[in-house]
Amino acid sequence: MNDFAVGSVPTVFFIPDFITDSEHDQLLNNINGAPISKWKSLKNRRLQNWGGVVHEKGLIAQDLPPWLTRITERINEKSGLFPSSINHVLINEYLHNQGIMPHQDGPAYYPVVAILSLGSPVVMDFTPHPNLSSSTHGNGVDDKISDPGAAVMNSGEQLDNCHPFSIVLMPRSLLIFKDLVYSDYLHGIKDSEVQRCNEAVNLTNAQNHGVVQQLSGSVKALDSDDTVIYRANTRVSLTCRVVTKVCKNIFKF
Ligand SMILES: O=C(O)CCC(=O)C(=O)O
Ligand SMILES: [Fe+2]
């Protein structure tokens, strides 16, 4: 995996062409073919929850469908970073002007997350927030937003190696982050249609994939010489994780 480490903060890995074009399209077909009742609408995106419900006491597990285990098993094998089979997949769908507020994933999950991207590229921003590491709750399913205003650092010491960074998530790519970045950073996607990526840790790679360009015209909060991505269509992502505690025999009395 070290071949795929990106940026200067350890524990972030990016594999640009993790799946083929046809696997990409098959996944989208399966996702779009799921019953409409499988979608849960949130304020700024909609999602499908696979693997069961993440409950306070653990996962009330349901088997993942074969079209998902095919991919989660490959992620497990290739990364070697998960302690057991991936048992939970959250599928998020974002329209071209939707995003996800900066947040930290809940403590129910083992601190490694793999995000497979489909559809439109987006920029994911990471912001250090060491104060959060021991203070979050929730299951990561709801839009639980940590207050970015609370990101006040009491001293610079802890942050010597911690600075904000961003990554361009191209379709078919796999992002994995863990440990420090999982616990001490917030991650989010801006809800803007044009996203700045001048300093993305994988900019060269994104340029090679032809997903970035120079800003044309003027866009609020962006400079004329900014390198950007234009989100022309919908993005769908698969957030794959391990819920360590699984409720067994929940309906057995
Ligand atoms: O869609 C993404 O890339 C990120 C999703 C995410 O952060 C989450 O579901 O916790
Ligand atoms: Fe997340």
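Bear in mind that the values here come from a model prediction, so they are computed numbers and not experimental data. Counting starts at 1 for both ligands and their atoms, in listed order.
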State, with a plain yes or no, whether a side-chain heavy atom of [X] is found less than 4.5 Å away from one of [Y].
X    : Y   : answer
I15  : M1  : yes
L81  : I75 : no
L174 : K78 : no
I31  : W39 : yes

Considering the heavy atoms of [X], write down every atom of ligand 1 situated less than 4.0 Å from one of them.
X    : value
D105 : 10 (O)
R241 : 10 (O)
H187 : 7 (O)
M124 : 2 (C), 3 (O), 4 (C)
N92  : 5 (C), 9 (O)
Y94  : 1 (O), 2 (C), 4 (C), 5 (C)
L90  : 9 (O)

Practice prompt. Supply the atom-to-atom distance L175 CG to I167 CD1, rounded to the nearest 0.5 angstrom.
Written response: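 Rounded to the nearest 0.5 Å, the CG-CD1 separation comes to 5.0 Å.
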Worksheet item: R45: heavy atom below 4.0 Å from ligand 1, yes or no?
Response: no
Worksheet item: Does the side chain of T227 pick up a donor-acceptor pair with the side chain of Q213 at under 3.5 Å?
Response: no
Worksheet item: Out of curiosity, does I36 fall in the hydrophobic cluster containing L90 (side-chain heavy atoms, cut-off under 4.5 Å, transitive links)?
Response: no
Worksheet item: Restricting to N, O or S atoms of D105, which is nearest to the Fe ion (ligand 2)?
Response: OD1
Worksheet entry | Apex the Fe ion (ligand 2) - arms NE2 from H187 and NE2 from H103 - angle rounded to 10° | 90°
